[in-house]
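What follows is a single structure, written as structure tokens, with notes after it.
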Amino acid sequence: MNANLLMILFLILYVALSLKDVKYTENKREVFNKNESRMIKGFFCIIVILVHVPIAYQNKVQDVVGSFAYIGVTYYFMASGYGLKYGWIYKKSYLKKFWTSRIPKLLIPAFLCNIVSTVLKMATGEKLQVFDYINIHDWVKTLLILYILFWIVYSVRVKLSKNSIVRDVLVISMTMLLSLIGYISDYKVLFLWPVESIGFVYGIVLANTENSLKKHMNKINIKLISMSLTCTFFLGICYLKLKAVSFVGGYLLRALLGASFILLIILLLQKFVIGNNFLDFMSKISYEFFLLQFGVYQVIAKLININNSAIYIFTVIVITLGLSIAVNWVSRKIIDVIYSRKINFAKGNKYVE
């Protein structure tokens, strides 16, 4: 069967599974919440990896969808920025446990994914350096850089009120500066995601304006959503036409489309409740799935002869899903032990497995 037709059928099935149990509501009380964030991350889980398909295995449908896959990465950054700022605003002593609550969840899966990816590379006969065994993916490094920036700015003891905008301006301006430097120069501080990392800024802005937005939630209607959809569609067409144009298409339009798409998602979430077992499952393994896909793409391309690009993509997705489930399970077991030891030592008791 034609690869493009197979991709269309797959995407229809994927969207249908994602939208299962969607409900219309008129009584939304929150602008954004953790559960919705997880569901959207689950939806983007597979969409995001379509941009990384090797050139030899690309098809038209995958290429078009992959062109917008960066929006999912922008959303991941947005969710991170929102979560950090929300915690700082509403959780007492938030920064005291900042690293202990994040490092294990961030680095343990990352190192395990790196081990699996290294084994996959070995299977292809690739020669590896010692550094390959202990390296972590650039995506994780980018998150760590933004976390460090946030932690430094919001930890500094200066004579500023807790609600001061000065800290926000510092984080936002520094993130934007790193983004621009990474795009126009060879100093890739934010690695491969100089534009997508602006999502971190969107998240901070959303957390700051959430209470104000709640007062206007009753004004959100289908007409407003339609206007947002039209604007996003227009920017999407412009981006497809101009994405090869260095700064205008590759940076400005890319950033504007990302912001417009995220705004559309937030507006839709005010009228529709999304969530089901499929999205919940995908969200739980989304981190490992993103990190493992690179190695799987490589090993499948080298070891298995697949002529149909759609079948190649499906094969990568299935194998990556299986590996992600396994790595996620092992990661959770290790993290549970770490947190159990910490809790029991804090109580003065020795942890016994």
Side-chain angles (χ1 to χ4, degrees), residues 28-44 71-102 105-106 142-156 158 160-179 190 193 195-220 224 228 255-256 258-275 283 286-287:
K28 192 72 182 293
R29 296 182 179 180
E30 296 177 293
V31 176
F32 196 62
N33 61 51
K34 185 176 181 180
N35 186 61
E36 289 174 342
S37 174
R38 288 178 55 251
M39 296 301 132
I40 301 298
K41 284 171 68 177
F43 172 75
F44 279 123
I71 293 171
V73 182
T74 304
Y75 178 85
Y76 290 166
F77 279 114
M78 188 278 287
S80 294
Y82 174 84
L84 295 185
K85 187 58 196 294
Y86 183 91
W88 188 80
I89 294 173
Y90 296 105
K91 296 181 181 179
K92 188 178 180 181
S93 302
Y94 177 68
L95 294 178
K96 289 183 178 180
K97 298 180 180 179
F98 187 84
W99 292 113
T100 55
S101 63
R102 278 170 181 76
K105 294 177 182 177
L106 197 65
T142 306
L143 282 176
L144 282 172
I145 289 170
L146 293 174
Y147 283 3
I148 291 169
L149 173 61
F150 182 91
W151 180 77
I152 290 174
V153 172
Y154 287 90
S155 295
V156 172
V158 292
L160 297 173
S161 67
K162 184 173 176 62
N163 296 319
S164 174
I165 198 172
V166 176
R167 297 181 193 269
D168 295 329
V169 171
L170 281 172
V171 170
I172 289 171
S173 59
M174 291 176 72
T175 302
M176 293 300 298
L177 180 62
L178 292 175
S179 171
L190 297 175
W193 301 276
V195 182
E196 293 85 343
S197 59
I198 299 175
F200 193 74
V201 171
Y202 303 155
I204 291 174
V205 172
L206 178 60
N208 285 336
T209 58
E210 188 171 26
N211 285 331
S212 299
L213 291 173
K214 284 180 181 179
K215 299 175 183 178
H216 303 285
M217 286 175 63
N218 60 336
K219 298 179 182 178
I220 297 174
L224 183 61
S228 176
L256 285 173
S260 180
F261 208 103
I262 286 173
L263 175 61
L264 175 62
I265 290 173
I266 292 171
L267 290 175
L268 286 170
L269 290 176
Q270 307 317 303
K271 292 300 179 183
F272 298 93
V273 178
I274 185 171
S283 70
S286 60
Y287 183 53

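Worth saying up front: this structure is predicted, and the values here are computed from it rather than measured.
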How long is the gap from [atom1] on [X] to [atom2] on [Y], to the nearest 0.5 Å?
X: N208; Y: K85; atom1: CG; atom2: NZ; value: 3.5 Å
X: E210; Y: N33; atom1: CD; atom2: CG; value: 9.0 Å
X: L149; Y: I172; atom1: CG; atom2: CD1; value: 10.5 Å
X: Q270; Y: L224; atom1: CD; atom2: CG; value: 10.5 Å
X: M176; Y: S197; atom1: CE; atom2: OG; value: 8.5 Å
X: S80; Y: L146; atom1: OG; atom2: CG; value: 8.0 Å

Task: Derivation of the side-chain contact (heavy atoms from CB on, under 4.5 Å) call for L268 and I274 - done: CA-CA 10 Å; L268 286 170; I274 185 171; over 6 Å; no
Task: Heavy-atom neighbours of K105 NZ exceed 12 at 6.0 Å - done: no
What pair of heavy atoms forms the shortest contact from [X] to [Y], and how long is it?
X: R38; Y: S283; answer: O-CB, 3.0 Å
X: G275; Y: M39; answer: CA-SD, 3.6 Å
X: V195; Y: A255; answer: CG1-N, 3.7 Å
X: F32; Y: S37; answer: CZ-CB, 3.8 Å
X: I262; Y: M78; answer: CG2-CE, 3.9 Å

Open item on the list: As a quick check of understanding, evaluate side-chain contact (heavy atoms from CB on, under 4.5 Å) for Y287 and L106, giving each step before the final call.
Closed with: CA-CA 9 Å; Y287 183 53; L106 197 65; 3.5 Å; yes
State, with a plain yes or no, whether a side-chain heavy atom of [X] is found less than 4.5 Å away from one of [Y].
X: Y154; Y: F98; result: no
X: W151; Y: R102; result: no
X: F77; Y: V201; result: no
X: Y94; Y: I89; result: no

TODO: Determine, stepwise, if the pair K34 / Y86 fulfils side-chain contact (heavy atoms from CB on, under 4.5 Å).
DONE: CA-CA 11 Å; K34 185 176 181 180; Y86 183 91; over 6 Å; no
Task: Full working for side chain to side chain donor-acceptor pair (under 3.5 Å) between E196 and Y76 - done: CA-CA 9 Å; E196 293 85 343; Y76 290 166; over 6 Å; no
Task: Parallel, tilted or perpendicular: ring planes of Y75 versus F44, cut at 30 and 60 degrees - done: tilted
Open item on the list: If you apply the rule side-chain contact (heavy atoms from CB on, under 4.5 Å), what do you find for T74 with W193, and how did you get there?
Closed with: CA-CA 9 Å; T74 304; W193 301 276; over 6 Å; no
Task: Partner of V171 under side-chain contact (heavy atoms from CB on, under 4.5 Å), chosen from V169, T175, D168 - done: T175
